[in-house]
Novice: 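Handing you this structure, nothing more for now.
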Amino acid sequence: METDDVGRCPSLVEWNEALIARFFREDLAGRQVFLYVTAEVLDQVASAFSMDHTDFVSAIAGPPGSFEASQVAHRAVKICDRGHWRDSSEAIYPPYVAHLCLFAYAAASDEAEDLAGHSYYPRLRRLLGLPEDEGALSGFHELSDRVWNDLEEWSIHDMGGDLGVFRRRVFGKQRHVGVPRSQTLITEAEVESLPRAFAAGLLDPACPPSDRLLAETVEEFCDLKAKTRMILSRAASDEMRRALLDVVREELLEWNGVVSSRDGTTSDTFGSLFICIEPGAGNARGRSYLRCSIGVAYPVDGIEFEGASNEKFTCREMSWPWSTRIKVEGEVFDASILDWSAGLDIQVLDVSWRLRSRRASIRLFEDGTSRGLPGWIEVNRMQKDRALLIAYPKRIAPSVEKWADASTHAHASVILSGALPDGWAAMIVEGVADVRGLGAHISTAGFTDHVTVEFVGGMRVGRRERFFTYGVPAIALGGATGDEQIWANDVLLSADSDGLFRVGESMVESRGLIKLKVTRDSEEVAFKNLSFNESVEWASLAPTVKVDAMGKVVSTGPAISGAVVDHDLTTGATDFSPDLMLPINSAQLIGRNRGEVCDWPEDGIPAWKVIWAIGSASRGRIEKPVIFCGTDLLRDDPQDAKADTERKDLRRWDHAIYGQRKRLAKPRVPSLSALWRRYEERAR
């Protein structure tokens, strides 16, 4: 921002632009943004005008004590205009951010020390020079749904998180004052220190922890201000504490396991090892094994590491972030031979990964169906609305059984011969009401004390809550009690057989914004937005970040940047295969010549050039997606030649393209649509 006359009174537009530049920046891409507005922050912004924070309030609200000041909330609602500010051809940034910063400043201000921290309205009114005992300002109750929510919509769905992610948080019955107060929960520096705390506390986004474990980890390993520690020390039922943990949990769910050094020159990647149990019929027998979870891409050939006796352990990616079952010398490793009370710490040197599991005298397991995994998967929290399998040493069986009798709706012992270590037992429990009886034996025992909306699977577009239409996520509720209802644009959703919720096909195809709302006894307890894109455009073929084959950032030499691979890496590489990165599990691959057709992944990647991939119909849809896999629209036209193949493949090629044309979701991009029509003409 530039000013023509330093020292003059800046316009509202200039204040707005200056504050947006302070809080929404490219270096915050994908990270949570808080309007943590303090006098120091305002002094920094106002210095461009040779002013300080004392000039900010009157510039936004008007003279202290004036009628204009009493209408500042109403003006913010009017400026937002239900999102119609976007209708202007010149509109890029929301015009009301300076107003929201004023409301956040009232929550963070230390100038009213004689007022309690929760006395928001008196604080705001004192700041504006208005009588302190007259409650909410005109229009203030409309800010949450109309203005704060619009800022979230802009940051995530208009900007794709490229300037940071703002989230309107709803907690407690004081939902209107709760939003500006939530901006004071955590500072930018504290957010930056969270990945190191996650790594030190052995937390993993694939297996979110209980509130107790999350709070203990942050308190022990994070660089926190005294105010943040005070919030964490409050009772589990405190709404500000829940909101703070919700913020930290969001950061954990987005964490890819990478921890950079404080100077940013080096980094390490942390993943986890989880015990999994597959029971046999009647739970009399079973087997246990290990999977790893990692938030970065697996090497194409998988990973390999050595055990204590120099055995070769291997695994590959199965369904991100989960690996296949870990094998030793080609056979699935039997996890029952391990000491389940001890932890594991394994270094995968080729990719600088560190895979670990925590120590625990009791192991908790949850049905893996919602994660697309068979059997029971180890977890770090309890859920009131889900069954759990609990494995424990027989020496503490009396304590566990006493707890189960007193604190669960139902429980039953299971044998699982062959799956458990010697001296261990297991039971399945349902309807857990209290965890305190296990506290002496397990540090992870506990619930998520508030409801969270979590996306399972799907293909994200960039960051956060945008997905491709052909990679629709399922929706899971964390911390639920079973009494919740979830709504998508005011349409009530029902859980599928796997316990997950899914939005309807028409909502996905409209590619509009879907507002997810969770209610309990008609009160909103969680909220999240969701939107879809059909495709994403390439911004540039000039790579901004290049990495080597192991994912390490490099500045010189042949390298990879996204889908752009330097020619030097492929020339002479006899074992190099341009594997297709498809957003589907299986497909028919189509080439330029009649007869060039195969099933993937069963038939592998063909020798001929793949131009199209036709996927299978997904849940709730009858159309099959058609995905362009070619490289040159001018040279990927269908050819008159026939492939040197069997006659049945000629018919398969024709049927795949033309015979099933009414069942295909054809490309909508004009250039691709025109190319597909030429293939249809050839197949006809």
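Since the structure is predicted, the reported quantities are computational estimates derived from the model, not experimental observations.
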Novice: Side chains of Leu194 and Val248, heavy atoms from C-beta outward: is any pair under 4.5 Å?
Specialist: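 Heavy-atom side-chain distance check passes, below 4.5 Å.
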Novice: Could you tell me if Thr519 and Glu484 have a donor-acceptor pair between their side chains, going purely by distance under 3.5 Å?
Specialist: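 The criterion, which ignores hydrogens and geometry beyond distance, is not satisfied for Thr519 and Glu484.
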Novice: Could you tell me whether the side chain of Ser47 and the main chain of Ser50 form a donor-acceptor pair under 3.5 Å?
Specialist: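 The answer is no, because no donor-acceptor pair under 3.5 Å joins these two groups.
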Novice: Kindly say whether the aromatic ring centers of Phe140 and Tyr121 come within a distance under 6.0 Å.
Specialist: yes
Novice: For the residue pair Glu454 and Thr452, confirm or rule out a side-chain donor-acceptor distance under 3.5 Å.
Specialist: yes
Novice: Does any non-hydrogen side-chain atom of Glu190 lie less than 4.5 Å from one of Thr228?
Specialist: yes
Novice: Is it the case that the side chains of Glu250 and Gln32 hold a donor-acceptor pair, with the cut-off being a distance below 3.5 Å and no angle test?
Specialist: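 Looking only at side-chain atoms, Glu250 and Gln32 do not form any donor-acceptor pair under 3.5 Å.
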Novice: Is it true that atom CG of Asp490 has more than 12 heavy atoms of other residues, nucleotides or ligands lying nearer than 6.0 Å?
Specialist: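 12 or below, so no.
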Novice: What heavy-atom pair brings Pro195 and Val259 nearest, and what distance separates the two atoms?
Specialist: O-CG2, 3.6 Å
Novice: Measure from NZ or CZ of Arg181 to the centre of the six-membered ring of Tyr120 and say whether it is under 6.0 Å with the direction within 45° of the ring axis.
Specialist: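 Ring-cation test returns no.
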Novice: Give a yes or no on this: more than 12 heavy atoms of other residues, nucleotides or ligands lie within 6.0 Å of atom CZ of Phe628.
Specialist: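 Yes.
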Novice: Any side-chain heavy atom of Leu35 within less than 4.5 Å of one from Leu151?
Specialist: yes
Novice: For Arg126 and Glu132, run salt bridge (Lys or Arg N to Asp or Glu O under 4.0 Å): C-alpha distance rounded to whole Å, both residues' side-chain angles, the deciding distance at 0.1 Å, then the answer.
Specialist: CA-CA 6 Å; Arg126 180 179 293 187; Glu132 298 178 14; 2.8 Å; yes
Novice: Are the side chains of Phe467 and Val472 in touch, meaning some heavy atoms are under 4.5 Å apart?
Specialist: no
Novice: When Asp211 is tested against each of Arg381, Arg234, Arg249 for salt bridge (charged side-chain N to carboxylate O under 4.0 Å, His left out), which residue passes?
Specialist: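 When Arg381, Arg234, Arg249 are each tested with Asp211, the salt bridge (charged side-chain N to carboxylate O under 4.0 Å, His left out) holds only for Arg249.
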Novice: Under the salt bridge (Lys or Arg N to Asp or Glu O under 4.0 Å) rule, what do Asp81 and Arg146 come out as? Steps first, then yes or no, please.
Specialist: CA-CA 8 Å; Asp81 192 20; Arg146 294 192 180 181; over 6 Å; no
Novice: When the aromatic ring centroids of Tyr93 and Phe24 are compared, is their separation below 6.0 Å?
Specialist: no
Novice: For Asp204 and Ser272, test the side chains for any donor-to-acceptor distance below 3.5 angstrom and give the result as yes or no.
Specialist: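 Checked: Asp204/Ser272 side chains pair up, N/O donor to acceptor below 3.5 Å.
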Novice: Give the minimum heavy-atom separation between Leu102 and Ala61, together with the two atoms involved.
Specialist: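 Heavy atoms of Leu102 and Ala61 come nearest at CD2-CB, 4.1 Å.
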Novice: State, with a plain yes or no, whether a side-chain heavy atom of Tyr96 is found less than 4.5 Å away from one of Trp148.
Specialist: no
Novice: Does the side chain of Glu152 come under 3.5 Å of the side chain of Asn529 through a donor N or O and an acceptor N or O?
Specialist: yes
Novice: Which pairs count as ring-ring contact (aromatic ring centres under 6.0 Å, His included) when at least one residue sits in residues 186-239, sequence neighbours excluded?
Specialist: Phe198-Trp255
